[in-house]
Trainee: 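This is the structure I have questions about; it appears just below.
What you see is a predicted model; the values in this text were computed from it and never measured. So that the names make sense, note that chain A is the first sequence line, chain B the second, and so on, each numbered from 1.
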There are 2 protein chains.
Amino acid sequence: MSDPGSETAGRDRTRAHIVSVAAGLLASGGRDALSTRAVAAAAGTQAPTIYRLFGDKEGLLDAVAEFGFTSYLRDKKARPPAGDPVEEFRAGWDLHVGFGLANPALFSLMYGDPQPGRRSPASAVAFRMLGERIRAIAAAGRLKVGERLAADLVHSAGTGVVFTLLSMPEERRDMRLSEVARDAAIAAITTDAPAVETPGPAAAAMALRATLPDATALTDGERHVLGEWLDRLAVGPA
Amino acid sequence: MSDPGSETAGRDRTRAHIVSVAAGLLASGGRDALSTRAVAAAAGTQAPTIYRLFGDKEGLLDAVAEFGFTSYLRDKKARPPAGDPVEEFRAGWDLHVGFGLANPALFSLMYGDPQPGRRSPASAVAFRMLGERIRAIAAAGRLKVGERLAADLVHSAGTGVVFTLLSMPEERRDMRLSEVARDAAIAAITTDAPAVETPGPAAAAMALRATLPDATALTDGERHVLGEWLDRLAVGPA
DNA sequence: CTCCTGTGTTATCGGCGATATCGCCAGGAC
DNA sequence: GTCCTGGCGATATCGCCGATAACACAGGAG
């Protein structure tokens with residue numbers, strides 16, 4: 001281990017090669033084409049190598065999913081930021097649905113056959129991206145439900161749309177479904193009139209201060225303390 | 001074949017027995033527990049019998065899915081018609097989501113790993129039921145999109161919600177997700193005027209929640225408590 | 001030079017879906 | 001009553017799968 005750089009480089013290189021070959025097999029032959037033997041043969045190596053590098057088959061599948069997903073993102077990521085967080089959200093939705101339709105086997109790998117608690121690294125990446133978009137909407141004062149619920153709702157709608165479209169013959173897919181579902185999700189989690197005009201906690205605190213009497217979810221005492229804190233926040237970090 | 005009645009009766013009986021045993025295996029051990037050998041052994045028969053009765057493994061899976069789905073419907077179908085088609089729709093949604101959460105392996109069998117054009121008999125039954133509910137809404141003059149698009153949208157939302165909930169650990173599942181998604185779907189396909197949107201404190205609370213880490217005017221403890229209150233405000237008056 | 005770790009290679013295990021083959025027996029044909 | 005035949009149970013088998021044990025070999029560490 002005196003030369004870990006080149007050693008792990010060689011290791012990483014064969015690993016990347018196997019993942020790339022496996023992704024090709026998956027895309028061309030579907031999930032069933034991705035057997036350890038087929039991958040090993042196509043990569044010019046042996047079955048035990050896969051287990052040394054990936055632990056087990058699930059490790060290989062995770063690596064393939066992450067590779068395919070990030071590759072797709074890299075190819076498509078020429079999009080300039082739109083400014084409006086809801087417009088950014090739309091772009092993210094379309095990107096994700098496009099990924100699912102372009103890589104059905106990969107998408108099924110990431111989201112099909114769900115197991116409680118288990119989440120593939122690739123879908124974790126996707127969910128984190130979604131969380132950032134949701135947060136941006138919230139920071140703009142246009143989110144009317146909790147961030148977590150919003151993210152779950154959008155995730156549900158997106159995966160559902162992709163699965164539904166994938167179950168149809170390709171020529172019968174109605175892409176309006178994606179748009180309608182997308183806008184329905186937006187309508188469910190956002191408000192048209194932004195509650196906050198300027199970014200930062202101060203403006204948000206002021207906006208909340210104004211609607212505080214309507215905050216019936218809090219007790220009188222909580223409302224009182226909250227009011228004091230909001231006053232401090234409205235002044236700013238002085 | 002002079003006595004087709006009793007002959008096919010015996011055939012149907014063993015068939016039903018195998019399906020019932022297989023459903024039990026699937027419910028207890030998950031999808032992987034449903035191997036032809038395991039089913040044959042548990043049913044007290046031999047592997048070739050399964051192929052004689054069901055053609056191949058997919059035929060067996062279809063039969064199991066249909067059996068499980070119709071069994072669930074039979075057990076739960078004590079619901080009296082509600083009159084209002086949208087209310088009927090709500091009941092159907094809740095029934096379907098309940099089925100998915102109660103039978104995760106069956107649900108994955110029906111909707112996971114989608115293949116273009118292929119639709120399991122069980123999901124065909126479910127989709128037909130959905131179509132009837134949609135048609136009733138249309139007949140009442142309250143559908144604002146095409147029946148087909150409406151059905152696809154609802155199907156997407158429903159399967160997406162179930163998959164999302166199934167991917168979470170059981171104790172972390174937020175059942176509001178199903179309700180919010182359901183009502184969002186209703187809002188997207190019906191002409192019912194959505195509840196008048198009073199801004200309320202939710203959006204401002206979410207805006208502040210998103211920028212909370214920047215709120216340097218508060219101590220860590222205050223920020224923590226404030227975060228909990230803001231989450232409650234996002235849910236609304238409960 | 002010797003050891004020791006990591007890799008390539010072969011062989012193998014138990015299980016899977018699917019099928020060929022054969023003995024058997026019930027029921028109709030005559 | 002006897003023969004024939006079609007479907008069933010049972011066994012064995014094929015090819016493939018995921019996974020792992022066992023072993024030969026290379027090449028740096030000491």
Side-chain angles (χ1 to χ4, degrees), chain A residues 1-19 21-23 25-26 28-65 105 108-109 112-113 115 118 120, chain B residues 1-19 21-23 25-26 28-65 105 108-109 112-113 115 118 120:
Chain A
M1 265 199 245
S2 70
D3 192 1
S6 73
E7 266 190 14
T8 59
R11 194 184 164 98
D12 284 357
R13 208 148 37 91
T14 68
R15 190 186 152 100
H17 178 226
I18 290 178
V19 168
V21 166
L25 279 178
L26 183 68
S28 66
R31 184 179 199 144
D32 291 343
L34 208 83
S35 71
T36 57
R37 282 167 170 78
V39 171
T45 172
Q46 285 71 33
T49 302
I50 292 179
Y51 292 90
R52 275 198 271 264
L53 291 178
F54 301 95
D56 60 359
K57 175 152 192 188
E58 193 163 288
L60 173 62
L61 295 184
D62 285 348
V64 169
S108 274
L109 222 60
D113 195 30
Q115 292 166 20
R118 145 121 186 114
S120 83
Chain B
M1 267 196 247
S2 70
D3 192 2
S6 73
E7 267 192 11
T8 59
R11 193 184 167 98
D12 284 356
R13 209 148 36 92
T14 69
R15 191 186 150 101
H17 178 226
I18 290 179
V19 168
V21 166
L25 278 178
L26 183 68
S28 68
R31 183 179 200 143
D32 291 342
L34 209 83
S35 71
T36 56
R37 283 167 171 78
V39 171
T45 171
Q46 285 71 34
T49 302
I50 293 178
Y51 292 90
R52 276 199 268 264
L53 291 178
F54 301 95
D56 59 0
K57 174 152 191 184
E58 193 164 287
L60 173 62
L61 294 184
D62 285 348
V64 170
S108 276
L109 223 61
D113 194 32
Q115 293 166 21
R118 144 121 187 115
S120 84

Trainee: Side-chain contact test, heavy atoms from C-beta onward, threshold under 4.5 Å: evaluate it for Asp113(B) versus Asp113(A) and give yes or no.
Mentor: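 When only atoms from C-beta onward are counted, Asp113(A) and Asp113(B) do not touch, as no gap falls below 4.5 Å.
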Trainee: Examine dT20(D): is either OP1 or OP2 under 4.0 Å from a nitrogen or oxygen in the side chain of Tyr51(A)? Give yes or no.
Mentor: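 Negative; the distance criterion is not met.
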Trainee: Starting at atom CZ of Arg52(A), determine the distance to atom C1' of dC23(D), rounded to an integer number of angstrom.
Mentor: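 Computing the Arg52(A):CZ to dC23(D):C1' distance gives 11 Å.
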Trainee: Closer to the 5' end of DNA chain C via nearest nucleotide, is it Thr49(A) or Lys57(B)?
Mentor: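 Comparing both residues, the 5'-ward one is Thr49(A).
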Trainee: Within a strict 4.5 Å, meaning less than it, do heavy atoms of the Ile18(A) and Leu60(A) side chains meet?
Mentor: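 Ile18(A) reaches Leu60(A) side chain to side chain.
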Trainee: May I ask you to say whether Asp62(A) pairs ionically with Arg118(A), meaning some side-chain N is under 4.0 Å from a carboxylate O?
Mentor: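 Counted as a salt bridge, because a side-chain N and a carboxylate O are separated by less than 4.0 Å.
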Trainee: Nearest heavy atom decides the nucleotide; on that basis, is Ala38(A) or Gly55(A) closer to the 5' end of DNA chain D?
Mentor: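 Nearer the 5' end of the strand: Ala38(A).
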Trainee: Once you round to the nearest 0.5 Å, how far does OG1 of Thr14(B) lie from CG of Leu53(B)?
Mentor: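 Those atoms lie 5.0 Å apart.
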Trainee: If you find the nucleotide of DNA chain C closest to Ala47(A) and the one closest to Leu34(B), which residue's nucleotide is nearer the 5' end?
Mentor: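 Of the two residues, Ala47(A) wins.
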Trainee: Distance check needed: dG17(C) P versus Ile50(B) CD1, whole Å only.
Mentor: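 Nearest whole value for this atom pair: 8 Å.
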Trainee: For Glu58(B) and dG17(C), give me the distance from atom CD to atom P, rounded to whole Å.
Mentor: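 In whole Å, dG17(C) P lies 13 Å from Glu58(B) CD.
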Trainee: Determine: side-chain N/O of Thr36(A) to OP1/OP2 of dC17(D), distance under 4.0 Å, yes or no.
Mentor: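 So the side-chain polar atoms of Thr36(A) never come under 4.0 Å of the phosphate oxygens OP1 or OP2 of dC17(D).
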Trainee: In whole angstrom, give the distance that lies between atom CG of Leu60(B) and atom C1' of dC16(C).
Mentor: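 Roughly 14 Å, once rounded to whole Å.
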Trainee: For Arg37(A) and Gln46(B), find the nucleotide of DNA chain D closest to each by heavy atoms; which residue's nucleotide sits nearer the 5' end?
Mentor: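 Its nearest nucleotide lies further toward 5', so the answer is Gln46(B).
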Trainee: How long is the line joining CG of Leu61(B) and P of dG17(C), in whole Å?
Mentor: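 Roughly 9 Å, once rounded to whole Å.
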